2 protein chains.
Amino acid sequence: MSHSLDAPLPPENITLEVVAKVAGVSPATVSRILNGSARVSDRKRSAVMAAIKTLNYRPNALARGLAQGRTNSIGVLTQDIASPFYGEALRGVEDALAGTGMIPLFASGHWRLEDEIERMEHLLSRRVDGVIVLTGKLSDAQIEAYAKVVPIVVTGRHMQSEQVTSLSIDNSLGAYIATRHLIEYGHTRIAHVAGPADHIDALSRLKGYRDALVEAGIAFDPELVAHADFHEPGGVLAIHQLLATRKTFSAVFAANDQTAFGIQLALSRHGIRVPDEISVVGFDDLPVSSYMIPPLTTIRQPVYEMGVASAKALVAMITGQPYTPQLAPPELIVRASSKLLRR
Amino acid sequence: MSHSLDAPLPPENITLEVVAKVAGVSPATVSRILNGSARVSDRKRSAVMAAIKTLNYRPNALARGLAQGRTNSIGVLTQDIASPFYGEALRGVEDALAGTGMIPLFASGHWRLEDEIERMEHLLSRRVDGVIVLTGKLSDAQIEAYAKVVPIVVTGRHMQSEQVTSLSIDNSLGAYIATRHLIEYGHTRIAHVAGPADHIDALSRLKGYRDALVEAGIAFDPELVAHADFHEPGGVLAIHQLLATRKTFSAVFAANDQTAFGIQLALSRHGIRVPDEISVVGFDDLPVSSYMIPPLTTIRQPVYEMGVASAKALVAMITGQPYTPQLAPPELIVRASSKLLRR
DNA sequence: ATGAAAGCGCTAACAT
DNA sequence: ATGTTAGCGCTTTCAT
């Protein structure tokens, strides 16, 4: 009648209850041990540990999350999982979370508002304990709305409230420093290949460029500004555009490194030598930038650190601890692509 | 006694039950609508949809997963979330999953066995429906063991069983093609900067290089092989090493593009022109490779496609459908870093 | 210090 | 076509 030897039981799921049974204790006790939520006698503890080991028990994070009302996971809304730039931030988040028992869930918004919303909803459906939003197209109001549901850390803008911490790199300052560097090198005809006109970072960098010029008494010339898309091909196109204007310039400040790569290649194709004829300065300091030929002078942003700080800030918000993220200012990295203008 | 106006209710969690109540139907009906698991009258359906809308209801994925025994999520065990190479694969996975309702959980093993195991356990704890393992250090036996728990797709090796699908790029062939290209260009003194000696891909590429030489009747010279680490600085070091041997060579085949970047820079620092004096060929075709100066001749691997195929294969395994992943062979991309040897 | 029992939000038989 | 009921695997009062 009951189970016999020749009718093997179905491979039973190893649950906490099974562990309890094997260890001869109640489920509650096992739970207490797993969570360290109460004192348990050493005898029972070791019995339970042994059972866990031999049964190869893996706690079910879903059940745990359901019961506790928290999942020990945080959402990270990025734009492109393969971005050389944001990749560093993701790594920072991951590293900062290591050892905290929290796990990051990465989702990509592809710079499309609708995608961002969809991913956000997905993350919330999974009941993440918090979300890090790496720039993107969500409006401040939308962020605020989501913040009613979970604590949020957002980069690339300024907003502060009970449930929102923002963290940003001073793009404008970085661009100012880059332009200033070229000016100090004697350049006065400095072109700028900007990013997309609807991108907040691009706009800030354009502003920094402009500020530095004005400060140095150099007139801002709109014809020396070309807009690109933050990617290499855009840099190539922009140079074509700039050269076509027949305006002269001895230096180019690119809105980011990828754009600078395109610029360097396009110049080289035109037989224009960098830095001898034209100096190039980028922005970001991607890992490969120091391996370009010539190695790229650029503005180093603490992206990795930004990832770390975001994660720490979010965890602090979740656990209710105080934490004020601090970010180093952008820093000029002088390499071989920029050069003193010979008179 | 009961709740009064001046004692506002705690902000009630909007659950499926609440939706049901508001719509005047049973929870089961709401569930059926959400899952399309049975026909529901149009009247009730619209009532429910309305309630969902006004309440801004978000299904709890945890509860759903617990009840269904599946989470609609798959684990992706990569090595480095910011790797320019694997990044493309991650993107492929993400794209392939878009629209299937499945979400990828990315975890990094950092090329450390212990980390890989820890991340794997974490993913299993979260009850992912399957796992994609992008190379890494787990042994075949370990993969098999995990495959007892969830279906697995693994790249970079050959193993096949009920619960394991493997998918790999023919590294050896790619290296053969690269070397063959140099030979056809008249080179006979071809150096190779290999990857780590404990890396399966590095070994296969070394083999392909060797095979091509032997086939062409060129003696394999161990002194023309330097080992590096798949990263840029390793390429720089390797060139120093190679030049120090005082052996002559007119071409270098690098085990990957990042190594080739280091090589190009090191050569340029030594005043050796690429490709006039030395031709360089890489492996991977990273997005930036076509923007190096000179643009890098390399072997294009279908990494993105590999990500797509992995995801499709895994989903097929999970849903019990048949699917045999097909991967394009590696392809030679001739750019400016390699050149016909002048006699 | 430990156990019993209720409940987290959902789905899946089983009824009707 | 729809409602009722019993879990999914865990945590957490509440007892003892």
Side-chain angles (χ1 to χ4, degrees), chain A residues 10-49 51-52 55-73 101 122 124-129 149, chain B residues 10-49 51-52 55-73 101 122 124-129 149:
Chain A
E12 197 176 2
N13 238 329
I14 298 151
T15 66
L16 179 144
E17 204 182 327
V18 175
V19 172
K21 200 156 294 173
V22 170
V25 302
S26 77
T29 299
V30 179
S31 171
R32 284 192 262 258
I33 291 175
L34 255 32
N35 297 289
S37 48
R39 313 187 48 79
V40 173
S41 73
D42 284 353
R43 283 204 22 269
K44 304 218 168 191
R45 155 169 278 111
S46 48
V48 168
M49 292 314 254
I52 287 179
L55 292 171
N56 194 9
Y57 167 68
R58 275 188 204 91
N60 185 322
L62 299 178
R64 214 204 272 239
L66 189 58
Q68 286 188 140
R70 56 175 301 192
T71 57
N72 292 317
S73 64
H122 209 131
L124 295 180
S125 248
R126 295 202 117 81
R127 297 300 188 263
V128 290
D129 299 333
V149 189
Chain B
E12 196 177 2
N13 240 330
I14 298 150
T15 66
L16 178 145
E17 205 182 324
V18 175
V19 172
K21 201 154 294 171
V22 170
V25 301
S26 77
T29 298
V30 179
S31 172
R32 285 190 263 258
I33 291 175
L34 255 33
N35 297 288
S37 49
R39 313 187 48 79
V40 173
S41 73
D42 285 352
R43 282 204 23 270
K44 305 219 167 189
R45 155 169 278 112
S46 47
V48 168
M49 293 314 253
I52 288 180
L55 291 171
N56 195 7
Y57 166 69
R58 275 187 204 93
N60 184 324
L62 299 179
R64 215 204 272 239
L66 190 57
Q68 287 188 140
R70 54 175 301 187
T71 56
N72 291 318
S73 65
H122 208 131
L124 296 181
S125 246
R126 292 203 123 81
R127 297 298 188 266
V128 290
D129 298 333
V149 189

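No experiment lies behind these values; they were computed from the predicted model shown. In what follows, every chain begins at residue 1, and chains take the letters A, B, ... in the order their sequences are listed.
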Give me the distances for all protein-to-nucleotides 3-5 of chain C N/O pairs that come in under 3.5 Å?
residue	atom	partner	partner atom	Å
C:dG3	OP1	A:Lys44	NZ	3.2
C:dG3	OP2	A:Ser26	N	2.9
C:dG3	OP2	A:Ser26	OG	3.0
C:dG3	OP2	A:Thr29	OG1	2.7
C:dG3	N7	A:Arg32	NH2	2.6
C:dG3	O6	A:Arg32	NH1	3.4

Specify the separation, in whole Å, of atom CZ of B:Arg64 and atom P of C:dC10.
8 Å
With heavy-atom distances below 4.5 Å as the criterion, would you say the side chains of B:Arg64 and B:Pro59 are in contact?
yes
Round to the nearest Å and state the distance from B:Leu62 atom CG to C:dT11 atom C1'.
15 Å
Heavy-atom distance under 4.5 Å between the side chains of A:Tyr57 and A:Val22, does that happen here?
no
Between atom CE of B:Met49 and atom CG of B:Asp42, what is the distance when rounded to the nearest 0.5 Å?
11.5 Å
Yes or no on side-chain contact (heavy atoms from CB on, under 4.5 Å) for B:Val48 and B:Arg45, after CA distance, side-chain angles and deciding distance?
CA-CA 5 Å; B:Val48 168; B:Arg45 155 169 278 112; 5.9 Å; no
Figure out the CG/C1' separation between B:Leu16 and C:dG7, and round it to whole Å.
16 Å
Contact between A:Leu34 and A:Ile52 at the side-chain level, heavy atoms closer than 4.5 Å - yes or no?
yes
Residue pair A:Pro27 / A:Ala20: nearest heavy atoms and the distance that separates them:
N-CB, 3.6 Å
Calculate the interatomic distance between A:Glu17 atom CD and C:dA6 atom P; express it in whole Å.
15 Å
d(CD, B:Gln68; C1', C:dA13) in whole Å:
14 Å
Return no unless some side-chain N or O of B:Asn35 is found under 4.0 Å from OP1 or OP2 of C:dT11.
yes
Beyond-backbone contact of A:Val25 with A:Ile33, side-chain heavy atoms, under 4.5 angstrom
no
Taking the nucleotide of DNA chain D with the nearest heavy atom to each, does B:Arg39 or B:Leu66 sit closer to the 5' end?
B:Arg39
Checking all strands, does A:Ser31 fall into the base, sugar-phosphate, or nothing category for heavy-atom contacts under 4.0 angstrom?
base
Whole-Å distance, A:Arg127 CZ to C:dG9 C1', equals 9 Å
Test item: A:Ser125 side-chain N/O and B:Arg58 main-chain N/O as donor-acceptor pair under 3.5 Å
no
Side chain of A:Ala67 only, please: which of C:dC8, C:dT2, C:dA12 is the nearest?
C:dC8
Extract, from 5' to 3' on DNA chain D, the first and final nucleotides lying under 4.0 angstrom from some heavy atom of chain A.
D:dG9 to D:dT12
Can you confirm whether B:Leu66 sits close enough to A:Asn60 that some side-chain heavy atom of one is under 4.5 Å from a side-chain heavy atom of the other?
yes
